[in-house]
Q: 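Have a look at this one before I ask anything.
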Amino acid sequence: MYNHQLDTFIKVADLGSFNKASEELFVSPNAVMKQINLLENSLGFDLFVRTHRGVHLTPAGESLYRDAKYLIQYAKDSITRAEKMLAEPKHVLRIGTSLTTPVQFLVSLWPQIRQHNPALKFELVSFENTPENAREIMNHFGRNIDVVAGIYSDNILSERNCSALKLYDTPLCAAVPLHHRLASNDEIAIEDLFDEKVMLIKRGYMSAFDEVRDDLAENYPRIQIEDFSFFDVNVFNKCENDNAVLIGVKEWENVHPLLKIIPISWKHTIPIGILHSNTPSKDVKEFLKIISKIYAAKP
């Protein structure tokens, strides 16, 4: 399922030594070094800086180290899920869940879903929402994850070759630290953001955020925009630590315990929906059909 040289790579990175890694892996130091050399040769770049005191990761090695743990766990989870499918009945829908793709509202709808189709079961699959993981999952819906619920835009669907069932438009809101001067507000006016540091996802990620950026730049120059690359836990931590304002959605109100989501008095919204493959399975089609009926019946 994955290159087992990654296991050796992680062990060396954790211990900072070929010798220590060899002891824990019960192989010779030469065998460990050979595996790392083979891995580096196949990748085309160095993973470690070698010194007489040991080894430490290069910047490229640090990047691979972060992703390698996810890849290994992802592969193991894939095998586990495949084995479970042998023993369990079919019609199991795998719903991806992460920090910014919560599934609480889907879980709350499950009794209604089961009324429409009692045979349909679901499994929550947790994943770390990094740019690489999100791209991999959305480009390959149906492999290990069938659907993900969250915000999206047409450019994301096009770039990642997937589709979405739109459920509703949700207002773009402000996330502020609990000790922020605006935290006591029930609503924030745009003028309240004057001279504030407003954290906004980089241009080109989703069109709804680009529209906010254009609006603020053209009409409210006193608002300081700070770019960031991706919605992850580091961004929410930075918002709290910097006492800044982060533009997000109310569905993320439970993402960070030290942040409060507050509506802004503007008309900027972004679609929420169920993201899925362009060629969904029969069970996914059934699920989407049921969800559509439930939302069509809402007042």
Side-chain angles (χ1 to χ4, degrees), residues 98-102 104-105 129-132 134-135 138 148-160 162 164-275:
S98 71
L99 186 72
T100 55
T101 56
Q104 287 89 341
F105 76 97
N129 198 14
T130 66
E132 297 79 14
R135 190 176 300 110
M138 294 170 71
V148 169
I151 60 174
Y152 69 93
S153 65
D154 289 341
N155 67 301
I156 285 285
L157 301 180
S158 175
E159 290 168 8
R160 300 182 182 177
C162 62
L165 169 66
K166 181 178 176 180
L167 301 180
Y168 58 91
D169 289 308
T170 190
L172 287 174
C173 301
V176 302
L178 297 181
H179 55 83
H180 194 279
R181 68 178 183 86
L182 298 174
S184 60
N185 290 33
D186 293 325
E187 186 175 72
I188 293 175
I190 300 182
E191 291 77 11
D192 292 331
L193 300 176
F194 286 178
D195 304 318
E196 288 287 342
K197 180 193 296 183
V198 174
M199 299 174 64
L200 194 59
I201 191 81
K202 66 181 181 181
R203 181 176 292 279
Y205 182 69
M206 290 188 187
S207 57
F209 292 101
D210 291 347
E211 292 171 7
V212 171
R213 179 185 297 274
D214 293 339
D215 182 15
L216 297 183
E218 181 178 352
N219 301 307
Y220 306 96
R222 285 183 59 183
I223 297 176
Q224 306 166 28
I225 298 176
E226 178 174 316
D227 292 351
F228 61 91
S229 298
F230 194 75
F231 287 106
D232 59 18
V233 68
N234 295 323
V235 168
F236 291 95
N237 285 335
K238 181 174 174 57
C239 175
E240 202 282 329
N241 291 332
D242 292 356
N243 198 34
V245 177
L246 172 68
I247 302 302
V249 293
K250 60 181 176 137
E251 285 76 8
W252 296 346
E253 59 188 355
N254 296 318
V255 165
H256 198 294
L258 298 180
L259 296 180
K260 179 182 178 182
I261 306 292
I262 305 175
I264 303 175
S265 55
W266 60 17
K267 296 182 179 180
H268 292 292
T269 62
I270 192 167
I272 289 272
I274 309 295
L275 282 69

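Please read all numbers here as calculations on a predicted model, not as lab measurements.
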Q: So which atom in Glu159 and which in Gly204 form the shortest heavy-atom distance, rounded to 0.1 Å?
A: OE2-O, 4.3 Å
Q: If you compare all heavy atoms of Glu251 against all heavy atoms of Pro102, which two are closest, and at what distance to 0.1 Å?
A: O-CG, 3.8 Å
Q: Quick one: do Phe228 and Tyr205 satisfy ring pair (Phe, Tyr, Trp, His ring centres under 6.0 Å)? Show the steps, please.
A: CA-CA 10 Å; Phe228 61 91; Tyr205 182 69; 8.6 Å; no
Q: With the side chain counted from C-beta on, respond yes when Glu191 and Tyr220 share a heavy-atom pair under 4.5 Å apart, and no when they do not.
A: yes
Q: Can you see which heavy atom on Leu275 is nearest to which on Gly150, and at what distance?
A: CD1-O, 4.0 Å
Q: To the nearest 0.5 Å, what is the distance between CD1 on Ile247 and CD1 on Ile201?
A: 12.0 Å
Q: How far apart are the closest heavy atoms of Thr101 and Ser98, and which atoms are they?
A: OG1-OG, 2.6 Å
Q: Is the shortest side-chain heavy-atom distance between Val148 and Ile274 below 4.5 Å?
A: no
Q: Would you mind checking if Lys267 and Asp169 are paired as a salt bridge, meaning a charged N to carboxylate O distance below 4.0 Å?
A: no
Q: Under a 3.5 Å distance rule, please check whether Asp192 uses its side chain to pair with a backbone N or O of Ala189 as donor and acceptor.
A: yes
Q: Could you measure the distance from the CG atom of Leu200 to the CG atom of Asp210? Nearest 0.5 Å is fine.
A: 8.0 Å
Q: What's the spacing between Leu246 CG and Glu240 CD if we round to 0.5 Å?
A: 12.0 Å
Q: Can you tell me how far NE2 of His268 sits from OG1 of Thr170, rounded to the nearest 0.5 angstrom?
A: 14.5 Å
Q: When you check the gap from the basic side-chain N to the acidic O, do Glu226 and Lys238 get nearer than 4.0 Å?
A: yes
Q: If we only count heavy atoms from C-beta on, is the Val245 to Ile188 side-chain gap below 4.5 Å?
A: no
Q: So does Asn237 have more than 12 non-hydrogen atoms from other groups sitting under 6.0 Å from CG?
A: yes
Q: Looking at side-chain heavy atoms only, is the closest gap between Trp266 and Val212 below 4.5 Å?
A: yes
Q: So which atom in Asp195 and which in Gln224 form the shortest heavy-atom distance, rounded to 0.1 Å?
A: O-NE2, 3.4 Å
Q: Evaluate the side-chain proximity of Phe231 to Leu99: yes if any heavy-atom separation is below 4.5 Å, no if none is.
A: no
Q: Show your reasoning for whether side chain to side chain contact (heavy atoms under 4.5 Å, CB included) applies to Asp154 and Ser207.
A: CA-CA 8 Å; Asp154 289 341; Ser207 57; over 6 Å; no
Q: Is the shortest distance from a Lys or Arg side-chain nitrogen in Glu196 or Arg181 to a carboxylate oxygen in the other one below 4.0 Å?
A: yes
Q: Determine, for Lys202 against Asp227, whether the closest basic-nitrogen to carboxylate-oxygen distance falls under 4.0 angstrom.
A: no
Q: Please lay out, stage by stage, how Val235 and Phe230 fare under the test side chain to side chain contact (heavy atoms under 4.5 Å, CB included).
A: CA-CA 8 Å; Val235 168; Phe230 194 75; over 6 Å; no
Q: Taking the side chain as everything from C-beta on, heavy atoms only, tell me whether Lys250 gets closer than 4.5 Å to Pro171.
A: yes
Q: Yes or no on side chain to side chain contact (heavy atoms under 4.5 Å, CB included) for Leu172 and Phe209, after CA distance, side-chain angles and deciding distance?
A: CA-CA 9 Å; Leu172 287 174; Phe209 292 101; 3.7 Å; yes
Q: Ile262 versus Asp186: any side-chain heavy-atom pair under 4.5 Å?
A: no
Q: Do any N or O atoms from the side chain of Asn243 and from the backbone of Pro177 form a donor-acceptor pair under 3.5 angstrom?
A: no
Q: Between atom NZ of Lys260 and atom SG of Cys173, what is the distance when rounded to the nearest 0.5 Å?
A: 12.0 Å
Q: Does Asn234 offer a backbone N or O that forms a donor-acceptor pair with the side chain of Asp232 under 3.5 Å?
A: yes
Q: Which distance, rounded to the nearest 0.5 Å, do you find between the NE2 of His256 and the CZ of Phe236?
A: 8.5 Å
Q: Going through the distances and angles, do Ile151 and Thr100 end up as a side chain to side chain contact (heavy atoms under 4.5 Å, CB included)?
A: CA-CA 9 Å; Ile151 60 174; Thr100 55; over 6 Å; no
Q: Where is the tightest heavy-atom contact between Ala183 and Leu178, given as atom of each residue plus distance?
A: CB-O, 3.4 Å
